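Data block below; observations after.
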2 protein chains.
Amino acid sequence: MAAETANALNAKSSTLADDVFDQIRTAIVKGELAPGSKINEPQLSKQYGISRGPLREAIRRLEGCKLVEIKPNVGANIVSLNISQLIEIYEIRESLEGLACRLAATNATAEDYLRLRELLTQHEEQIQSENGLRYYQREGDLDFHFQIVRLSGNARLFDILCGELYHLLRMYRVQTANEPSRPIQAFKEHYQIVDAIEQADGELAELLMNRHIANARKALMSRIEQE
Amino acid sequence: MAAETANALNAKSSTLADDVFDQIRTAIVKGELAPGSKINEPQLSKQYGISRGPLREAIRRLEGCKLVEIKPNVGANIVSLNISQLIEIYEIRESLEGLACRLAATNATAEDYLRLRELLTQHEEQIQSENGLRYYQREGDLDFHFQIVRLSGNARLFDILCGELYHLLRMYRVQTANEPSRPIQAFKEHYQIVDAIEQADGELAELLMNRHIANARKALMSRIEQE
DNA sequence: TCCTTATTTTTTGTTGACAATACCCTTCCA
DNA sequence: TGGAAGGGTATTGTCAACAAAAAATAAGGA
C-alpha cells in the first residue's frame, strides 16, 4: 500500500469518524483522491485502519460538505466540478464575500487592520520569489479571503465559505495544475479592499470585493475558453 | 410510545439512513423534537425501528444541514437559534436571495412568469381567510422564495437556501408560534418582485428582494425587542 | 462475433455485541 | 451544609458478521 496513512503521531482524536473525515477531506482537496473516482469502503477502511462504521459516518460528513456524492446502494464518488458548477460557486462567492467585506468594515478593530496589513506584507514578499508566488496563488489568496470572512463576525457565513466553498476551490486549483492567473492584479485589489475596511467604508469594501471576485471569475473563464 | 412512526405504507425507501434522516428533519422542523433537546440514540432507534448504525448516519446528515450539533463522546443536540444567529441567517438571505432574484430575472421564461403569477393569485386568495392567512405566513412565504431560487438556475445556491437555511427558518417560525408579522405588505413586495423579473430587470429584482428581506428582518427584530 | 442470460464475486446496507466514555447518585469527610 | 470521591448506570464509539444489492465474469445461443 503506497498511500499508507503514516501519521501515527496524531496527538489525540475525539472520534475516529471525525479524524478520518479530516484526513479524507485533505486527501480530496490535495487531489490524492481523484475527482470523480469511487470511494471503496473496504479499501479505505483498511487504509485508515478503522472499521466501516466510523468510515461511513465520515463519508456522510463529506457529503454534507459537498465533497462526495452518495448514490444509494451504489456508493460514494469524489465530487468533480465542471465549468458551470464552478461559475455557480463564483456567483455565490461574489455575493457572500461582498457581504463579508461590508460586515468586516464595520466590525474590524485597529488590531484587525494591523493583522490584515501584515498578511499583505507577507504576500508582497512571497510574490517576489517564484516559489512564494506559487504559494500565494495557491493558498495565500484564500488566506486573505479567509481572514475577511472571519472579521465579518457572521459565524454561519464563515461556515458556508470556509467550511464548504473554499475547500472546493482549493480542490479545483490543485486539479487544474494552478496556472498563472493574475497574482499581481489580485494583490493590488486585496490592498484596496483593506484600505476600504480600514476606513470603515462598508459600501466601498463590498463593491471592491464584488469586483475582485468578478475579475477572478472572468480570468478563470477566459483561461478555460482558450483551451 | 405515543410518537410512533405510523407511516408503514412507505412506498419504497432507498436506505434506512436517508429515510430516517427525512423523518427526523421533519420532526425537528415541526418542533416535535424541541430545540436544544438531546438526541438519545437508543430511544430514537427504537422509535424508528432501526438499529443505531443507520441512525447515526442520519444524524451525521442532520449535522451537515446544521439542524443538530454533535459533541464527541457526548451526543447530538437539536440546534437552537438565538437572536444573533437568526440575524446572521437573514444577512445571508438578503445577499443570496438578491442574487437569486437577479439570476431569475435573466433566466425565467414566459411559462415561469405564469407559474409565479399563479402562485401569487393563490396566495392572494389565502390571505382572505384566517386559516389561509396563517398558512401563507407559515409556508406560503417560503414557497414563493423557493420558486425564485429555483428559477435562478444555480443549483448550489438552491442547495444552500432550500436545503439548509429555509429549514432553519421554518423551525424558528414554528418555535415562536408564528405571530402576525406583516403578511399583506410582504405579499405586495412579492408582487413587485415578480413584475421586475417579468421585465427581465435583474438589477431591480435584486434591489427589491434585498429590501424585502431587510424589511422582514427589521419586522422580526422589532417584534423581538418589544417582548 | 456479439448480445443475452446465469452465476459468481464484490460492495453496500444493516444489525447486535462489546468497549470506552460520560453522567448520575450515593457516600463520606471537612 | 457543602463539596469531593467513589461506584453504578446509561449512552456513545467501535467492531465484526450477516443480508441484500450491484457489478463483474462466465456461459450459452443466434
Side-chain angles (χ1 to χ4, degrees), chain A residues 1 3-5 7-8 10-25 27-28 33-34 36-64 67-80, chain B residues 1 3-5 7-8 10-25 27-28 33-64 66-80:
Chain A
M1 316 291 169
E4 199 72 39
T5 54
N7 41 0
N10 263 340
K12 61 121 199 291
S13 62
S14 30
T15 74
L16 292 183
D18 293 333
D19 224 42
V20 166
F21 163 78
D22 277 333
Q23 295 185 58
I24 299 181
R25 183 173 63 177
I28 293 176
L33 288 171
S37 66
K38 182 159 167 26
I39 284 186
N40 186 313
E41 292 183 11
Q43 184 221 317
L44 269 192
S45 69
K46 199 174 288 180
Q47 185 176 331
Y48 288 106
I50 63 173
S51 76
R52 282 177 53 225
L55 175 65
R56 283 173 66 89
E57 290 188 32
I59 293 174
R60 279 260 135 84
R61 283 197 64 188
L62 292 167
E63 183 190 26
L67 283 170
V68 308
E69 288 168 353
I70 301 179
K71 280 181 221 155
N73 290 313
V74 175
N77 285 75
I78 312 293
V79 79
S80 176
Chain B
M1 316 294 167
E4 200 71 41
T5 53
N7 41 0
N10 264 340
K12 61 124 201 291
S13 61
S14 31
T15 74
L16 292 184
D18 293 333
D19 224 43
V20 166
F21 163 78
D22 276 332
Q23 295 185 57
I24 299 181
R25 183 174 62 177
I28 294 175
L33 288 171
S37 66
K38 182 160 167 25
I39 283 185
N40 186 312
E41 291 182 11
Q43 184 222 317
L44 269 192
S45 70
K46 200 173 289 180
Q47 185 176 333
Y48 288 105
I50 62 172
S51 76
R52 283 178 52 224
L55 175 65
R56 283 172 66 88
E57 290 188 32
I59 293 173
R60 278 260 137 82
R61 283 198 64 190
L62 292 168
E63 183 190 26
K66 305 292 154 54
L67 283 171
V68 309
E69 288 167 353
I70 300 179
K71 281 180 221 157
N73 289 313
V74 174
N77 285 76
I78 312 292
V79 79
S80 176

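Worth saying up front: this structure is predicted, and the values here are computed from it rather than measured. Hydrogens, waters and symmetry mates play no part in the numbers below; they use all other heavy atoms, side chains included. All chains are named by letter (A, B, ...) in the order of the sequence lines, taking the proteins before the strands, and each is independently numbered beginning at 1.
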[X] vs [Y] side-chain heavy atoms within contact, under 4.5 Å:
{"X": "B:Ile24", "Y": "B:Leu67", "result": "no"}
{"X": "B:Lys66", "Y": "B:Val79", "result": "no"}
{"X": "B:Ile39", "Y": "B:Ile70", "result": "no"}
{"X": "B:Asp22", "Y": "B:Arg25", "result": "yes"}

Separation of atom [atom1] in [X] from atom [atom2] in [N], rounded to whole Å:
{"X": "A:Tyr48", "N": "D:dG13", "atom1": "OH", "atom2": "C1'", "answer": "20 Å"}
{"X": "B:Glu41", "N": "D:dT12", "atom1": "CD", "atom2": "C1'", "answer": "6 Å"}
{"X": "A:Lys46", "N": "C:dT11", "atom1": "NZ", "atom2": "C1'", "answer": "13 Å"}
{"X": "B:Lys71", "N": "C:dA22", "atom1": "NZ", "atom2": "C1'", "answer": "12 Å"}
{"X": "A:Ile70", "N": "C:dT11", "atom1": "CD1", "atom2": "P", "answer": "17 Å"}
{"X": "B:Asp18", "N": "C:dT14", "atom1": "CG", "atom2": "C1'", "answer": "13 Å"}
{"X": "B:Leu55", "N": "C:dT14", "atom1": "CG", "atom2": "P", "answer": "12 Å"}
{"X": "B:Gln43", "N": "D:dT9", "atom1": "CD", "atom2": "P", "answer": "21 Å"}

Does the side chain of B:Asn40 get closer than 4.0 angstrom to OP1 or OP2 of D:dT11 through an N or O atom?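 Yes.
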
Distance test, side-chain N/O of A:Lys38 to OP1/OP2 of C:dT12, below 4.0 Å: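 For A:Lys38, the contact criterion (side-chain N or O under 4.0 Å from OP1 or OP2 of C:dT12) is met.
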
One thing to verify: whether A:Arg60 and A:Glu63 come together as a salt bridge, which I'm taking to mean a side-chain N less than 4.0 angstrom from a carboxylate O.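 Here A:Glu63 pairs with A:Arg60 in a salt bridge, since their nearest N and O are under 4.0 Å apart.
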
Classify [X] by what it touches in the nucleic acid, base, sugar-phosphate, or nothing, heavy-atom distance under 4.0 Å.
{"X": "B:Ile39", "result": "sugar-phosphate"}
{"X": "A:Pro54", "result": "sugar-phosphate"}
{"X": "A:Gly53", "result": "nothing"}

Looking at every heavy atom in both A:Ala17 and A:Ala58, which two are closest together, and how far apart are they?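 Distance-wise, the nearest heavy atoms are O-CB, 3.5 Å.
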
Which residues pass the side-chain hydrogen bond (donor to acceptor under 3.5 Å, both in side chains) test with A:Arg61, not counting sequence neighbours?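 Partners of A:Arg61 by the side-chain hydrogen bond (donor to acceptor under 3.5 Å, both in side chains) criterion, ordered by chain and then number, come out as A:Asp18.
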
Determine, stepwise, if the pair A:Glu57 / A:Thr15 fulfils side-chain contact (heavy atoms from CB on, under 4.5 Å). CA-CA 11 Å; A:Glu57 290 188 32; A:Thr15 74; over 6 Å; no

Grab the N/O contacts between the protein and nucleotides 18-25 of chain D below 3.5 Å, and write none if there aren't any.
none

Below 3.5 Å is the cut-off: list the nitrogen or oxygen pairs between protein and nucleotides 7-9 of chain C, distance only.
none

What's the closest nucleotide to the side chain of B:Ser51 if the choices are D:dT11, C:dT15, C:dG13?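 Looking only at side-chain atoms, B:Ser51 lies closest to C:dT15.
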
B:Ser37 (side chain) donor-acceptor with B:Leu33 (main chain) under 3.5 angstrom: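 Absent.
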
